[in-house]
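Numbering of ligands and ligand atoms starts at 1, following listing order.
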Amino acid sequence: MAVFTPVSLDDVSQWITQFPLGKPLAIKGIASGIENSNFFLTTESGEYVLTIFENLSFEQLPFYLNLMRHLAERGVAVPAPIANAQGELVTPLHGKPASVVTKLAGASQLDPRPVHCAEVGAMLAKMHLAGGDYPLHQPNLRGLEWWNWATPQVLPFMAEAEADLLRAEMHFQQAFAGSDTYKQLRQGPVHADLFRNNVMFDGDKLTGFFDFYFAGCDTWLFDVAVTVNDWCIDLDTGVLDTARTRAMLDAYHAVRPFTAAEQEAWQAMLRAGALRFWLSRLYDFHQPREAEMLTPHDPTHFERILRERIAVAAPALY
Ligand SMILES: Nc1ncnc2c1ncn2[C@@H]1O[C@H](COP(=O)(O)OP(=O)(O)OP(=O)(O)O)[C@@H](O)[C@H]1O
Ligand SMILES: N[C@@H](CCO)C(=O)O
């Protein structure tokens, strides 16, 4: 189980008194997830998720938690962080930053159909619009600057053909990021990790996006690319499924119409979305932390997706 910091009901009973949640009744560690220690927490007032942040600092967390609150207040389906009596959303537990958020109903939809992709596309567009007036700024910490840093860390471990692909794609993405088309792309807070396992559904109805801890300010199109690259593919081959891709893009476009610059940038951005996760998986694979060993993510999955996006044009945005 990927709980790095264990928490008992006893541990939490004093800590929880700062929140307007009543007495804690039960706490249960959540096995999935590789970044943080997560627990389902039942109190007299309902069901919540307690997260202890293993890698993010007290300084970094307000960006994510205030963003979730900002979005929740504007009708975007996301967990709402609970503030303590001082109005704080992050407080120490066992010396690490911790937060409590509302628990979303339902379960992940790991075998999505077009109806699910349409729900995700529409909510993603709504989220981008709602984040437009979010006052805090933090760059995407897994953006181009991080790719430039991580590439030399992983290259020594790679076979020649893969290393050549990585170097060539980095070259391509650096040029893309400097292009006039790129500069015209709409930007704002993005989720940046909206995979199947970060969305809840109750039947075919979306109940929420969660796991905002890779969120940052970046192009909205990057968020769309990351999401399409996970939700709309055949997981074995990385090939895009036209019906799911169309459903997601059309639903997004109906809420927040794509621009001409976004249309022009789309193919390159799908490659950027694949490169980002290929690189982070390579990095985590070669430089693992202890509990991550329990659930390693396969880097070759995103290498395959990247090669596929380079070779085959994806459906147009609109
Ligand atoms: N607000 C929530 N409501 C319901 N379930 C939640 C919520 N937050 C987290 N979970 C559950 O906890 C599990 C782990 O959470 P999460 O994916 O955020 O872990 P993580 O370690 O931060 O992330 P990851 O490994 O995906 O980067 C999820 O799969 C989900 O089942
Ligand atoms: N979604 C990421 C894991 C971090 O949340 C991946 O699949 O590599």
Side-chain angles (χ1 to χ4, degrees), residues 1-5 7 27-42 46-56 60-61 64-65 67-69 71-72 76-82 89 96-110 140-142 146 150 154 190-202 206-216 222-223 225-231 233 235 238 273-286 288-306:
M1 178 164 95
V3 166
F4 303 68
T5 306
V7 177
I27 185 160
K28 189 173 180 298
I30 304 175
S32 63
I34 60 166
E35 286 292 326
N36 301 306
S37 299
N38 292 295
F39 305 83
F40 289 126
L41 174 66
T42 309
E47 305 220 56
Y48 302 90
V49 172
L50 163 65
T51 300
I52 299 188
F53 299 96
E54 303 291 346
N55 302 307
L56 294 167
Q60 289 170 311
L61 280 161
Y64 307 108
L65 291 161
L67 176 60
M68 288 159 73
R69 191 144 86 161
L71 296 173
V76 183
V78 300
I82 310 294
L89 303 178
K96 294 179 180 170
S99 73
V100 181
V101 303
T102 53
K103 183 181 174 190
L104 300 168
S108 296
Q109 174 50 261
L110 299 180
N140 172 7
L141 300 177
R142 290 285 178 276
W146 187 82
V154 298
V190 298
H191 184 288
D193 189 26
L194 197 61
F195 283 43
R196 300 176 193 196
N197 63 344
N198 286 335
V199 180
M200 290 296 187
F201 276 91
D202 197 354
L206 189 155
T207 59
F209 294 169
F210 62 101
D211 199 359
F212 275 77
Y213 305 111
F214 281 113
F222 177 75
D223 223 8
V226 167
T227 309
V228 164
N229 271 340
D230 185 65
W231 284 83
I233 63 165
L235 288 177
L275 173 66
R276 178 264 181 252
F277 288 96
W278 185 31
L279 255 181
S280 64
R281 286 181 173 203
L282 282 167
Y283 182 78
D284 289 345
F285 189 81
H286 295 299
R289 282 168 291 143
E290 214 177 305
E292 276 179 334
M293 294 299 283
L294 303 174
T295 48
H297 286 311
D298 175 18
T300 60
H301 175 71
F302 275 102
E303 180 192 339
R304 205 173 302 121
I305 294 175
L306 176 58

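- Checked against a 3.5 angstrom limit, the closest N/O atoms of Y213 and ligand 1 fall outside it.
- Within ligand 1, the atoms closer than 4.0 Å to a non-hydrogen atom of F40 are 5 (N), numbered from 1 in the order shown.
- Using a 4.0 Å heavy-atom criterion, the residues that approach ligand 2 are D193, F195, F214, F277, R281, H297.
- The side-chain heavy atoms of I233 and I305, taken from C-beta on, include a pair separated by under 4.5 Å.
- Taking the ring axis of F53 as reference, the NZ or CZ atom of K96 does not stay both within 45° of it and closer than 6.0 Å to the ring centre.
- Counting atoms of ligand 1 from 1 in the listed order, those under 4.0 Å from a heavy atom of I30 are 11 (C), 12 (O), 13 (C).
- F214 has its ring centre no less than 6.0 Å from the ring centre of Y64.
- Each of H301, E303, R304 was evaluated against W278; a single residue qualifies, E303, per the side-chain contact (heavy atoms from CB on, under 4.5 Å) test.
- The distance from ligand 1 to the heavy atoms of N198 drops below 4.0 Å at these ligand atoms: 17 (O), 26 (O).
- Residue N36 has at least one nitrogen or oxygen atom sitting less than 3.5 Å from a nitrogen or oxygen atom of ligand 1, judged on distance alone.
- Taking all atoms of both residues into account, the shortest heavy-atom contact from L104 to V78 is CD2-C, 4.1 Å.
- E47 pairs by the side-chain hydrogen bond (donor to acceptor under 3.5 Å, both in side chains) definition with nothing, not counting sequence neighbours.
- Side-chain contact between N229 and T227: absent, with no pair of heavy atoms (C-beta onward) separated by less than 4.5 Å.
- Here the OG1 atom belonging to T102 is positioned 12.0 Å from the CZ atom belonging to F210, to the nearest 0.5 angstrom.
- Of all atoms in ligand 1, numbered sequentially from 1 with element shown, those under 4.0 Å from a heavy atom of P79 are 1 (N).
- Among residues two or more places apart in sequence or in another chain, the side chain to side chain contact (heavy atoms under 4.5 Å, CB included) test is passed with V226 by F195, F222, F277.
- Close contacts between ligand 1 and M200 involve ligand atoms 4 (C), 5 (N), 30 (C), 31 (O) [criterion: under 4.0 Å to a heavy atom].
- Considering both main-chain and side-chain atoms, T102 comes within under 3.5 Å of ligand 1 through a nitrogen or oxygen pair.
- The side-chain heavy atoms of Q109 and V199, taken from C-beta on, include no pair separated by under 4.5 Å.
- Close contacts between ligand 1 and V101 involve ligand atoms 1 (N) [criterion: under 4.0 Å to a heavy atom].
- In this structure, a donor-acceptor pair under 3.5 Å is absent between the side chains of N197 and S108.
- The K103 neighbourhood of ligand 1 comprises atoms 3 (N), 4 (C), with distances under 4.0 Å to a heavy atom of that residue.
- With sequence neighbours excluded, the residues that form a side-chain hydrogen bond (donor to acceptor under 3.5 Å, both in side chains) with S280 are R276.
- Distances below 4.0 Å separate heavy atoms of F210 from the following atoms of ligand 1: 8 (N), 9 (C), 10 (N), 17 (O), 28 (C), 30 (C).
- Taking distance alone, with nitrogen or oxygen atoms compared against 3.5 Å, L104 approaches ligand 1 more closely than that limit.
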